[in-house]
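Below you will find the structure I want to go over with you.
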Amino acid sequence: MTHILNKQVSQKKILITGGAGFIGSHVVRKFVTTYPAYKIYNLDALTYAGNLENLRDIENQDNYTFIKGDITDDTFIMNLFETEKFTDVIHLAAESHVDRSIADPLAFAKTNILGTMVLLQAFKKLWQDDWKNKRFYHVSTDEVYGTLGESGLFTETTAYDPNSPYAASKASSDHFVRAYGETYGLPYVISNCSNNYGPNQFPEKLIPLFINNIIEKKPLPVYGDGNYTRDWLYVLDHAIAIDKVFHTGVNTETYNIGGFNEWKNIDLVKVLCDQMDEKLSRTKGESQKLITYVKDRPGHDLRYAIDANKIKNKLSWEPSVTFEEGLSQTIDWYLNNSIWLKHVTSGAYKTYYDKQYNK
Ligand code: NAD
Ligand code: TYD
């Protein structure tokens with residue numbers, strides 16, 4: 001019995017998409033280092049958000065292969081699946097930033113909807129006569145549920161009600177994954193996670209953007225009145241949750257993943273400013289002076305908050321890091337990785353920044 005199990009484990013060939021991005025790179029590292037018997041393939045198109053510098057420490061591991069490619073290229077993807085015969089997919093590749101989705105919604109439909117369908121088609125074509133020990137894991141977001149008022153939490157049964165083009169594209173991709181399960185019996189699992197933060201996040205999202213601006217003493221552009229609420233989870237805890245869901249989640253089920261950690265943007269920004277002042281040996285209150293209220297994001301969702309009790313109770317997962325610890329580690333990482341930050345904020349980043357913040 002043990003022998004058969006081991007054989008199944010060693011035959012696992014897992015395709016992780018978007019593994020050069022923020023969350024994907026932490027997931028790739030976790031799987032490569034925790035499961036030496038698995039073969040891990042990281043497929044990434046290396047868009048502005050993909051960066052192989054995120055994976056320098058594991059790139060020479062025997063069980064790791066990087067493949068540069070686009071999930072929307074159906075001929076390439078079909079050939080790749082036929083050649084490599086991946087037993088499992090952990091799908092993270094996406095366009096992921098709400099502000100960019102407002103500027104260019106079609107790019108989000110293409111990658112997030114069409115790209116997911118191309119992967120589903122390839123997986124189906126390869127395994128439809130033999131679904132045993134196969135799994136398609138779709139990594140999604142809590143933004144599919146739309147917005148909450150001042151109270152309440154998103155559960156796995158909350159109706160989808162996406163507001164931004166990003167959220168709509170992710171909601172659509174979730175529906176297609178479910179439809180392939182219902183229609184073709186494709187073995188899938190989905191998780192919907194709250195806002196992540198941590199090392200390697202591209203400085204277009206709130207926390208790394210503001211860390212970078214504080215370092216450079218640039219204005220901190222708070223949208224609207226700053227009274228928007230998000231539930232924050234440290235990225236390594238998300239990677240641990242993905243490992244749990246992949247290995248012990250039940251097919252056709254959804255798992256909400258969150259930090260039990262709600263913050264109003266403006267309160268979070270003030271804590272960030274204070275921690276940064278301390279670490280940079282600046283006078284307390286100096287960075288808060290950089291806070292600048294700017295024009296609101298169109299269709300800005302008021303509040304996201306996740307009820308993560310299902311994954312906590314059924315899969316024994318809960319966040320391991322407090323927000324204060326996670327934020328402190330995140331700031332330290334950015335301060336210690338100024339070359340990484342310099343690389344990703346050069347070139348095209350400046351064009352994006354100037355356009356987004358009307359410079
Ligand atoms: P990211 O933008 O940092 O990384 C996305 C990665 O996908 C990049 O490496 C990029 O090169 C790659 N990619 C984009 N288009 C591609 C294509 N056509 N073909 C192949 N690769 C492509 O995103 P992230 O924040 O790491 O998010 C990863 C996943 O997790 C996404 O599916 C996102 O919806 C989901 N998610 C993110 C958060 C969050 O707070 N960041 C929260 C919940 C869920
Ligand atoms: P973001 O990190 O873009 O994640 P999401 O929109 O997916 O939740 O934004 C987090 C919150 O911070 C959101 O309410 C928008 C706000 N925000 C700002 O106030 N200013 C900014 O420059 C950015 C990027 C975000």
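Worth knowing before you read on, the calculation uses all heavy atoms, side chains too, and leaves out hydrogens, waters and symmetry mates. Counting starts at 1 for both ligands and their atoms, in listed order.
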Less than 3.5 Å between some nitrogen or oxygen of Ile71 and one of ligand 1, yes or no? yes
Does a donor on one side chain sit under 3.5 Å from an acceptor on the other, for His138 and Thr116? no
Which ligand 1 atoms, with their elements, are less than 4.0 angstrom from a heavy-atom of Tyr166? 33 (C), 34 (O)
Options Lys205, Arg297, His97, ranked by nearest heavy atom to atom 9 (O) of ligand 2, top entry: Arg297
Quick one: do Lys68 and Asp44 make a salt bridge, cutoff under 4.0 Å? no
Side chains of Asn309 and Asp307 only: does a donor on one sit below 3.5 Å from an acceptor on the other? yes
For atom 2 (O) of ligand 2, which candidate among Asn195, Leu268, Thr229, Leu206 holds the nearest heavy atom? Leu206
Examine the side chains of Ser191 and Tyr137 and answer whether a donor and an acceptor come within less than 3.5 Å of each other. yes
Using distance alone, with no hydrogens and no angle criterion, decide if Tyr223 and Asp99 have a side-chain donor and acceptor under 3.5 Å apart. yes
Nearest-contact summary for atom 12 (O) of ligand 2 - protein heavy atom, Å: Asn265 ND2, 3.4 Å
Please name the residue in the list Glu143, Glu150, Glu262 that meets the salt bridge (Lys or Arg N to Asp or Glu O under 4.0 Å) test with Arg303. Glu262
Quick note on ligand 1: atoms under 4.0 Å from a heavy atom of Gly69 include exactly 19 (N), 20 (C)
Given Ile67, Thr47, Asp70, identify the one with the heavy atom nearest to atom 13 (N) of ligand 1. Thr47
Which atoms of ligand 1 sit under 4.0 Å from any heavy atom of Lys170? 31 (C), 32 (O), 33 (C), 34 (O)
Under 4.0 Å from a heavy atom of Leu46: give me the atoms of ligand 1 that qualify, with their elements. 11 (O)
Which of the ligand 1 atoms, numbered from 1, are nearer than 4.0 Å to a heavy atom of Cys193: 42 (C), 43 (C)
Side chains of Trp317 and Asp243: donor-acceptor distance under 3.5 Å anywhere? no
Quick one: does Ser194 get within less than 4.0 Å of ligand 1, heavy atoms only? yes
If every non-hydrogen atom of Leu220 is compared with every non-hydrogen atom of Val269, which pair is closest and at what distance? CD1-CG1, 4.3 Å
Atom pair OH (Tyr188) and OH (Tyr180), whose distance is rounded to the nearest 0.5 Å: 14.0 Å
Could you check Lys13, Lys39, Lys12 and say which one makes a salt bridge (Lys or Arg N to Asp or Glu O under 4.0 Å) with Asp88? Lys12
Under 3.5 Å: N/O of Glu95 near N/O of ligand 1: no
For Ala93, is at least one N or O under 3.5 Å away from an N or O on ligand 1? no
Which atoms of ligand 1 have any heavy atom of Asn195 under 4.0 Å away? 40 (O)
Check: Ser96 N/O within less than 3.5 Å of ligand 1 N/O: yes
When you measure from atom 9 (O) of ligand 1 to each heavy atom in Thr17, Asp44, Leu119, which option holds the nearest one? Asp44
Should you measure from each heavy atom of Val139, which atoms of ligand 1 turn up under 4.0 Å away? 30 (O), 32 (O)
Within a distance under 4.0 Å of any heavy atom of Ser140, pick out the atoms of ligand 1 and give their elements. 43 (C), 44 (C)
In this structure, does ligand 1 have an atom that sits under 4.0 Å from one of the heavy atoms of Gly115? no
Pair Ser320, Asp237: side-chain N/O donor-acceptor within cut-off below 3.5 Å: yes
